[in-house]
Asker: 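Can you read through this structure? Questions will come right after.
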Amino acid sequence: MSTEIYDAIVVGTGAGGGTAMKMLCEAGLKVCAINSGPRIIPEEDYRQHRQVYDLKFRGHGNPLRFEGKAHQEPYSVEESEYSEGRDLFEHDVAYSNAPGTDWYWKRCKATGGKANFWGRSSARFGDIDFKAADLDGFGENWPVDYAEISPWFSKAERYMGVASTIQNRPSNPDGEYLPPMPWRCIDHIIQKGAEKIGVPYLPDRCAQLTVEHNNHPACHYCGNCSRGCDVGSFFSPTWFTIPEAEATKNLTLLTNALVRSVITDENGTAKGVAYVDRVSRKEIEVYARVVVLAASCVETAHIMLNSKSQHWPTGIANSAGQVGRNLVDHLYGCPGYGYLPHLLGQPASPDSIADSTVAWAPRWQNLKNPKEEKFIRGYSLYIGGGCGDFPGYYGQIEGFGSTYKRDLKRYYPTPIGALIQAPSLPSPTNFVDIDPGKKDIFGIPQLRFHFQWGENELLMWQHSKQVMIDLFKAMGGEMWGMDDEPNRAGTSLHETGVCRMGSNPETSVTNKWAQTHDVPNLYICDASIFPSSTDKTTTMPIIAFAMRTCDHMLSNFKAGVHKRA
Ligand SMILES: Cc1cc2nc3c(=O)[nH]c(=O)nc-3n(C[C@H](O)[C@H](O)[C@H](O)COP(=O)(O)OP(=O)(O)OC[C@H]3O[C@@H](n4cnc5c(N)ncnc54)[C@H](O)[C@@H]3O)c2cc1C
Ligand code: SF4
């Protein structure tokens, strides 16, 4: 047990927690940040400038890597042989899925969290999202509107560095951007085809530094971003918020410390957290005047539901039974892939410059009339292709030996594929709770998921398949196929809800400042506070909302609502 009392404890050092600890430390608060896994060391953990043939297991990873681990499922994209060895991903803490649920919960426990490896797509939400309930009559509006949050989006963009263009689209408010990434040959072909069928194809808003920005170097387009950037040319806590918070000397950073609960005093006010030291397996308490949870959406709800006391018998700040409810996600899946015959045999070009999106098709449905489609709201598409690291289309080509190799090369510049990003709607049957029968290896009761895709997002999925059929025709392409089913829930890593903000304490967990209604010195800085999902990704908004929440918290310190330790 530590006797020190900090001004603030921040749980999690990812996109949200990193932002919170930087802001609070820079304002002079003494902050204890607690992170469940080890500290990332970029030169050891980002092993990106290598080919799979340089790796011992040719990129497939050590087959024995999960030996003895509680959760043995590998995570896609971000967890690979490139980042293997230092235990950066969560395989000790198991979770359960209720019957009929197949949630894929991918967790990076290293400092910086998933934001070490993220895809960097960073569009603003707009009033079409915040006031969606007014437009189509479903669910609840957000307690903030665009005018209120827009200056915080600007602050987040200016800090992170987001490349894009001004586009004047009703669903996508424009922001403050670095120059966009140059378009590739395939972008021009896709854009022409998309135009013919009325689908916008525009530069994405991408937090990748096209020019030097805030002392971070410009990107050199190696295309390895999902393995971590070794020079810090995209926003990540490892290169941005964590070193800046540490430079203030106001930060104490605890690693390998798995928070199990928020602890309270006799009035039910938060007085600190209890964590398990993964190395000693001892349970330790730390104290502070204010507790900020930023453990990444569902894990924040997990901690809160496990924070039971006399005051909070069903979990802290859960008097209305809202913690864990309203889980939403992005439905992901490939609605169409194929190739462009007119590029067969063309010379290879460096198309894999971002390992993600250079351009995207932002929502174009239900813009004039919120009910013009069979579904409400709308989705976006990430369409891309061209010369990649690896010829993923190898299974589409028939043949053997030298003819097969020659054909592989001929097709190299031609593949095109798409990914749908469709928001699910909040539903009373989609939520997380504590599994009454299961504990993890540290004795912490496990989180359990209850989730099914709903009709609305499945209608979007069907719609996007027809769009891709039309697009291939318009581009003069040939389609190889489409996914039969969407990806497993959780795949997108954009889960949202579970501690939603709102004006009514009966139907929400926090107020519009992300301060819990029940416990005024407990704040949340991750996507769990977002009342609904949109067609856009979550990280830039997590950062913008975390900045605004910390600004409000700091004025509460100044006004004496929270006392300095
Ligand atoms: C491959 C990939 C592509 C992505 N693409 C995009 C994209 O294009 N755009 C976008 O907006 N988002 C994208 N994301 C999602 C993005 O990474 C997340 O939205 C973002 O990181 C969430 O921030 P966070 O702070 O909530 O969680 P994280 O960044 O995951 O950080 C959570 C932190 O909490 C800590 N923690 C968790 N549990 C505990 C505990 N019990 N005790 C102590 N500490 C704990 C973890 O160690 C970690 O440091 C992508 C993610 C990945 C991996
Ligand atoms: S493409 Fe740019 S941002 Fe991505 S890893 Fe390479 S240098 Fe870093």
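Just follow the structure's listing: the first ligand is 1, and inside any ligand the first atom is 1.
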Asker: To the nearest 0.5 Å, how far apart are CG in D45 and CZ in F117?
Answerer: 7.0 Å
Asker: Any salt bridge linking E246 with R39? Criterion: basic side-chain nitrogen under 4.0 Å from a carboxylate oxygen.
Answerer: yes
Asker: Check C108 against ligand 1 and report side chain, backbone, both or neither, counting heavy atoms closer than 4.0 Å.
Answerer: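 The backbone, only.
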Asker: Of the protein's non-hydrogen atoms, which lies at the shortest distance from atom 3 (S) of ligand 2, and what is that distance?
Answerer: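 Scanning the protein heavy atoms, the shortest distance from atom 3 (S) of ligand 2 goes to F234 CD2, 3.6 Å.
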Asker: Could you tell me whether atom 4 (Fe) of ligand 2 has an N, O or S atom of C219 under 2.8 Å away?
Answerer: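 Checking C219: none of its N, O or S atoms is under 2.8 Å.
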Asker: For atom 5 (S) of ligand 2, find the nearest protein heavy atom and state the residue, atom name and distance (0.1 Å precision).
Answerer: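 Closest protein heavy atom to atom 5 (S) of ligand 2: Q48 NE2, 3.4 Å.
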Asker: As an exercise, identify every atom of ligand 1 less than 4.0 angstrom from a heavy atom of G112.
Answerer: 29 (O)
Asker: Which protein heavy atom lies closest to atom 1 (S) of ligand 2, and at what distance to 0.1 Å?
Answerer: G223 N, 3.1 Å
Asker: Would you call D433-R448 a salt bridge at under 4.0 Å N-O?
Answerer: yes
Asker: Does this structure show an ion pair linking E44 with R86, if we count only N-O contacts that are shorter than 4.0 Å?
Answerer: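 Result for this pair is yes, salt bridge flagged.
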Asker: Please state which part of I303 comes within less than 4.0 Å of ligand 1, counting heavy atoms only: side chain, backbone, both or neither.
Answerer: side chain
Asker: Taking atom 24 (P) of ligand 1 as the point of reference, which of S296, A110, C297 owns the nearest heavy atom?
Answerer: S296
Asker: Tell me the contacting part of K114 for ligand 1: side chain, backbone, both, or neither, using a 4.0 Å heavy-atom threshold, strictly below.
Answerer: both
Asker: What protein heavy atom sits nearest atom 6 (Fe) of ligand 2, and how far off is it?
Answerer: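 It is C222 SG, 2.3 Å.
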Asker: For atom 4 (Fe) of ligand 2, which protein heavy atom lies nearest, and how many Å away is it?
Answerer: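 The protein heavy atom lying closest is C225 SG, 2.3 Å.
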Asker: Which ligand 1 atoms does G12 reach within 4.0 Å, using its non-hydrogen atoms?
Answerer: 33 (C), 34 (O), 35 (C)
Asker: Please work out, at 4.0 Å between heavy atoms, whether the side chain, the backbone, both, or neither of Q208 comes within that distance of ligand 2.
Answerer: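 Looking at Q208 and ligand 2, just side chain atoms fall under 4.0 Å.
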Asker: Examine R124 relative to F153 and say whether NZ or CZ is less than 6.0 Å from the centre of the six-membered ring and inside a 45° cone about the ring axis.
Answerer: no
